[in-house]
Amino acid sequence: MTDLTDLTLHQAAASLRAGEVSSRELTEACLDRLAAVDPRLRSFLSVTADLARTAAEAADRQLAAWRRGTTTAGQSPSPLLGVPLAIKDVLCLRGTVTTAGSRILEGFVAPYSATAVERLLVAGAVILGKTNCDEFAMGSSTENSGYDVTHNPWDLARVPGGSSGGSAAAVAARLTFGALGSDTGGSIRQPAAYCGLAGLKTSYGRVSRYGLIAYGSSLDSIGPLARSVADLAALFSATAGHDPRDATSLPAPVPPVDLAAADVTGLRVGVPKEYFVAGIQPEVEAAVRAAVVRLAELGAQVVEISLPHTEYALPVYYLIAPAEASANLARFDGVRYGPGITAAEAGHNGGTSAAPLWARYEATRGTGFGPEVKRRIMLGTYALSAGYYDAYYGQAQKVRTLIRRDFDLAFQQVDVIACPVAPTTAFRIGEKTDDPLAMYLEDIFTLPASLAGICGLSVPCGFDAQGLPIGVQLLGPALGEDRLLRVGHAYEQATDWHTRRPPL
Ligand code: GLN
């Protein structure tokens, strides 16, 4: 029998329903592997073993009742019932420490669960713990975490991508059957590509952001990472849909994702010429082009398209995201959330009555935030300042509209767009930490879809000469997740890139 942790989420769910394995056994297998492997990987920030065991036992009772036919209407249980999962630490899980990878939230216990997490719990999933990420999801490598650097299971000297790097490393290393991440500018798609996984960036407003620690409020989206597209579909279906507690959550119904109908015959696939630029690693370009050929062999019609404002996505994003972040992070003042550093601790010796509070703010934010977060707060505050607002933030919003229109026009011509996820495969730990601009460049192919609010899927499509995974990005119109998942599934069925496992 294969190792339990090697099963995909769907295989694990089928074994649970057949009574071949219990949730408790799956959970212990994941916890054992976590204990054995994670000291080298450092993908988890906290492990909620007691919670997981309690949930697993409850799931086993429900599964047993279902098998005896004593549950209501004999309905099939959720595919997530009893399945161990992990959660990026930007999502609140009630009663557990939630830090967003930041020291400023060290020890902060979430008073409620995020809607997306709550929906997993309602489906009967077993939450193993919280995964590492770049601080407040700002980064592309998980090196900006205030706690730990996560390693890529394909090569421990390399980054897993970011900012959902802990989730990606954990799923790829078989510590969990799937995980939730968040994607503001690429943070699900890029780590999925770097770790050889499937990852789904949902359309803006598709999954409730209630209980997600905010980064860029007009960009943030929540989505899953898993070892197959079918697994993503199960996680997507469980978490998507309207939530009155998030004013930006869309009321649109979530149609069931019918993967049995996955067929790309006649599908129009657009290949944007602006996504094949100088500087892209040749193996990445070759693998992505080969994936497009494979789709054509399966019956798709390939069309070259143009998204002419692509080159502005990077500067536009790096104005809008920091501007929104600077506003969102103002709440972390050492009074309302997490540990505060008092004036006395900060060495403040009295003065005016307002001064001790001011010193507390300064000391808390000065020591609690890491360098990248401070950089973004400064950039964002500057871009929003009187006299600069129109020149920077206002202008960026106008260009953002042009980027969105590029996609509107493209989706009149094609059903999906195929392009690279990132210009390179996973880079070495430390390689880009001294050069923020080089790090920002890793995002050039994921930022446009984020600015447009559309959905995107990363699927494994090859390996480079070092044995590092490569991903192809499929983009669909807003609320087009079911279409993307069907195309991704059809591609996956015709290839075996997603079945390879890292050496770890
Ligand atoms: N790397 C991008 C950034 O640093 C995207 C991060 C994300 O999607 N959360 O902002």
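Both ligands and their constituent atoms are indexed starting at 1 by order of listing.
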So, applying side chain to side chain donor-acceptor pair (under 3.5 Å) with T150, which one of N132, T131, T142 is it?
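Only one option passes, and that is N132.
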Please confirm whether the ring centroid of F463 lies under 6.0 Å from the ring centroid of W154.
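Here the rings of W154 and F463 have centres that are less than 6.0 Å from each other.
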So that I know where these two stand, are Y393 and Y388 an aromatic pair - ring centroids less than 6.0 Å apart?
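Ring centroids of Y393 and Y388 are no less than 6.0 Å from each other.
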Are K130 and F44 in a cation-pi contact, defined as NZ or CZ under 6.0 Å from the six-membered ring centre and within 45° of the axis?
no
Looking at Y147, I'd like to know if the NZ or CZ of R42 sits under 6.0 Å from its six-membered ring centre while staying within 45 degrees of the ring's axis.
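R42 over Y147 ring: no.
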Which of the ligand 1 atoms, numbered from 1, are nearer than 4.0 Å to a heavy atom of [X]:
| X | value |
| --- | --- |
| Y318 | 1 (N), 2 (C), 3 (C), 4 (O), 10 (O) |
| M138 | 4 (O) |
| A137 | 6 (C), 7 (C), 9 (N) |
| G139 | 1 (N), 2 (C), 3 (C), 4 (O), 6 (C) |

Using a strict cut-off of less than 4.0 Å between a Lys/Arg side-chain nitrogen and an Asp/Glu carboxylate oxygen, indicate whether D408 and R404 qualify as a salt bridge.
no
Lys/Arg-Asp/Glu bridge criterion (N-O < 4.0 Å) met for R103, E135
no
Record the part of [X] in heavy-atom contact with ligand 1 below 4.0 Å; permitted values are side chain, backbone, both and neither.
| X | value |
| --- | --- |
| Y215 | side chain |
| K201 | neither |
| T184 | both |
| S163 | side chain |

Side chain or backbone, does R376 bring an N or O within less than 3.5 Å of an N or O on ligand 1?
yes
For [atom], the protein heavy atom that lies nearest, with its residue and separation:
| atom | answer |
| --- | --- |
| atom 2 (C) of ligand 1 | D443 OD2, 3.1 Å |
| atom 6 (C) of ligand 1 | S187 OG, 2.9 Å |
| atom 5 (C) of ligand 1 | Y317 OH, 3.3 Å |

Nearest heavy atom to atom 8 (O) of ligand 1: which of G185, G162, S182, S450 does it belong to?
G185
Donor-acceptor pair, distance only, cut-off 3.5 Å: does the side chain of R40 make one with the backbone of L156?
no
Please check if atom CZ in R174 has more than 12 non-hydrogen atoms from other residues, nucleotides or ligands closer than 6.0 Å.
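Atom CZ in R174 is crowded, with more than 12 foreign heavy atoms closer than 6.0 Å.
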